[in-house]
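Reading through the structure tokens given below for one structure.
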Amino acid sequence: MSNLLSTRSQASNPAFSNPPPQVSVIVPIYNEVQSLPHLIEAIATAVTESQISYEIVCVDDGSSDGSTDLLKQLAQARTDLRAVILRRNYGQTAAMSAGFKHASGKVLITLDGDLQNDPADIPHLLARLDEGYDLVSGWRKARQDAALTRLLPSKIANWLIGNVTGVKLHDYGCSLKAYRAELVADMNLYGELHRFLPALAFIEGARITEIPVRHHARRFGQSKYGLGRTLRVLMDLFTIFFMKKFLTRPMHVFGTFGLASMIGGVLLGSYLTFLKLGLGRSIGDRPLLILAVVLFLAGIQLFSFGLLAELLMRTYHESQNRPIYRVREVVGTETETV
């Protein structure tokens with residue numbers, strides 16, 4: 001790790017350094033009381049061997065098995081651990097978002113709290129990040145999970161997400177990832193969007209890569225994941241697709257469909273008018289009359305939605321002073337503009 005993490009901590013414990021730590025390791029915790037002590041030690045060992053300053057940020061997401069009390073005890077006993085206790089179970093996306101907010105490192109590492117991700121892979125992620133990438137995602141190439149209930153749905157989801165978002169990764173669901181802190185600062189997470197972080201990063205113009213990481217069978221407890229999340233993931237996938245294509249120009253999608261619908265309604269209406277006035281035929285009992293009216297009204301509604309969406313997007317960007325572009329770097333002398 002030459003550039004990004006070149007400064008080595010001189011203290012005996014890297015977490016004692018006064019400046020912000022170089023690395024923050026973020027772990028969402030939900031009912032992992034047996035895994036927790038082993039996980040903290042494994043993370044500390046892996047990062048300490050890299051001789052970089054670090055902190056561990058564990059977010060307890062409303063655990064009910066004693067994880068909360070154990071996490072508080074560990075945080076009081078250790079100088080490298082920060083415990084963030086949520087009021088109730090909000091879900092992994094909210095827990096990860098809370099971890100991002102309370103982390104202060106230049107690089108953020110995320111991993112699950114069930115010991116299936118291997119903290120020993122953290123130095124490999126950091127080394128790859130140091131090659132100029134903004135996000136390095138783990139790929140559980142030899143995944144230790146049930147084939148029918150976990151592996152098959154995951155393969156289908158990865159294929160679908162990759163084709164919809166345009167970000168080709170083998171393993172979207174792997175929580176073991178490394179991010180530059182400035183990249184995460186531009187993201188707001190809702191729903192189940194934590195699994196779409198590479199796609200959100202791609203929207204922000206990030207350079208993304210993927211490396212194989214180790215994956216272990218679960219040692220303690222039971223998996224919190226199931227097929228019940230499939231529908232929520234699909235809904236969030238539609239959200240990501242819209243954000244990727246039309247975040248700054250929603251009128252392009254609503255206006256296009258609205259205009260097409262109105263034109264269809266006008267054409268059908270013109271045809272029916274010709275039949276009525278030109279040929280003297282009755283049109284009152286024709287289904288085309290209802291279709292013409294529905295198409296025209298739907299077109300007006302879609303066009304109105306587009307205008308409202310444009311106003312909302314302008315409010316979204318301007319209220320946060322959020323630019324519609326991201327500058328990677330500026331080379332040379334900048335000229336002051338008036």
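Nearest heavy atoms, S50 versus A46: OG-O, 3.5 Å. Closest approach of A298 and S261 over heavy atoms only: CB-OG, 3.9 Å. Contact detail for P28 and A95: the closest heavy-atom pair is CB-CB, 3.9 Å. Of all the heavy atoms in E55 and S104, the pair that sits closest is OE2-N, 2.8 Å. Considering all non-hydrogen atoms of both residues, N117 and S175 come closest at OD1-CB, 4.0 Å. What you find for G258 and L302 is that their closest heavy atoms are CA-CB, 3.6 Å.
S97 contributes no side-chain N or O that, together with a main-chain N or O of T93, makes up a donor-acceptor pair within less than 3.5 Å. Counting only distance, with no hydrogens or angles, the side chain of R128 and the backbone of S137 share no donor-acceptor pair below 3.5 Å. In terms of modelled atom types and a separation under 3.5 Å, the side chain of D112 and the main chain of L176 share no donor-acceptor contact. In terms of modelled atom types and a separation under 3.5 Å, the side chain of E210 and the main chain of H170 share a donor-acceptor contact.
Remark: K101 engages no residue in a side-chain contact (heavy atoms from CB on, under 4.5 Å) (not counting sequence neighbours). With sequence neighbours left out, the side-chain contact (heavy atoms from CB on, under 4.5 Å) criterion links L70 to V33, L36, P37, Q73, L74. Considering only residues two or more places apart in sequence or on other chains, T110 meets the side chain to side chain donor-acceptor pair (under 3.5 Å) condition with none of them. For D60, the side chain to side chain donor-acceptor pair (under 3.5 Å) test picks out S63, T68, with sequence neighbours left out. For L259, the side-chain contact (heavy atoms from CB on, under 4.5 Å) test picks out M262, I263, with sequence neighbours left out. Residues satisfying the side-chain contact (heavy atoms from CB on, under 4.5 Å) test with A309, not counting sequence neighbours, are P250, F254.
Remark: F305 CZ to I300 CD1 distance equals 12.0 Å, nearest 0.5 Å. For the atom pair CG (L39) and CG (L111), the distance works out to 6.0 Å, reported to the nearest 0.5 Å. From F196, atom CZ reaches atom CD1 of I203 across 11.0 Å, with rounding to the nearest 0.5 Å. Expressed to the nearest 0.5 Å, how far CG of L272 lies from CG of L267 amounts to 11.0 Å. Separation of atoms CG (L81) and CG (L71) is listed at 5.5 Å; rounding is to 0.5 Å. Atom-to-atom distance recorded for D61:CG and R87:CZ is 14.0 Å, nearest 0.5 angstrom.
Pairs passing the salt bridge (Lys or Arg N to Asp or Glu O under 4.0 Å) check and including a residue from residues 156-173, sequence neighbours excluded, read R140-D171. Applying the ring-ring contact (aromatic ring centres under 6.0 Å, His included) rule to pairs touching residues 85-115 yields F100-Y179, sequence neighbours excluded. The ring-ring contact (aromatic ring centres under 6.0 Å, His included) contacts involving residues 256-299 comprise nothing, where partners must be two or more places apart or lie in separate chains. Applying the salt bridge (Lys or Arg N to Asp or Glu O under 4.0 Å) definition to pairs two or more places apart or across chains, those involving residues 39-53 are E41-R78. Screening residues 271-280 for salt bridge (Lys or Arg N to Asp or Glu O under 4.0 Å), with sequence neighbours left out, gives no hits. Among residue pairs with one or both ends in residues 277-294, none qualify as side-chain hydrogen bond (donor to acceptor under 3.5 Å, both in side chains); sequence neighbours excluded.
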Any chance you could lay out the side-chain contact (heavy atoms from CB on, under 4.5 Å) test for V213 and D118, step after step, and finish with the verdict? CA-CA 8 Å; V213 295; D118 196 331; over 6 Å; no
Any chance you could lay out the side-chain contact (heavy atoms from CB on, under 4.5 Å) test for V107 and Q22, step after step, and finish with the verdict? CA-CA 6 Å; V107 172; Q22 294 160 295; over 6 Å; no
Show, in sequence, the C-alpha distance, side-chain angles and deciding distance for E131 and R207, and conclude whether the side-chain contact (heavy atoms from CB on, under 4.5 Å) test is met. CA-CA 11 Å; E131 294 177 10; R207 290 171 289 195; over 6 Å; no
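The side-chain heavy atoms of I40 and C58, taken from C-beta on, include a pair separated by under 4.5 Å. Taking the side chain as every heavy atom from C-beta outward, T48 and Y54 approach each other to under 4.5 Å. Taking the side chain as every heavy atom from C-beta outward, I109 and L126 approach each other to under 4.5 Å. Residues P198 and K177 are in side-chain contact: their nearest non-hydrogen atoms beyond the backbone lie under 4.5 Å apart. Looking at heavy atoms from C-beta onward, L115 lies out of side-chain contact with H216 at the 4.5 angstrom threshold. Between L86 and V59 there is a side-chain heavy-atom pair separated by less than 4.5 Å.
Two different hydrophobic clusters hold L125 and W139 under the rule that ILVMFWY side chains link at heavy-atom gaps under 4.5 Å. L279 is connected to L288 through a chain of hydrophobic side-chain contacts under 4.5 Å among Ile, Leu, Val, Met, Phe, Trp and Tyr, so both are in one cluster. Taken together through direct or relayed side-chain contacts under 4.5 Å among Ile, Leu, Val, Met, Phe, Trp and Tyr, V293 and L275 form parts of separate hydrophobic clusters. By the criterion of side-chain heavy atoms lying less than 4.5 angstrom apart, applied directly or through intervening Ile, Leu, Val, Met, Phe, Trp or Tyr residues, V184 is grouped together with I208 in one hydrophobic cluster. L308 is not connected to V253 by any chain of hydrophobic side-chain contacts under 4.5 Å among Ile, Leu, Val, Met, Phe, Trp and Tyr, and they are in different clusters.
For the residue pair D65/Q34, the side-chain donor-acceptor check at 3.5 Å is not satisfied.
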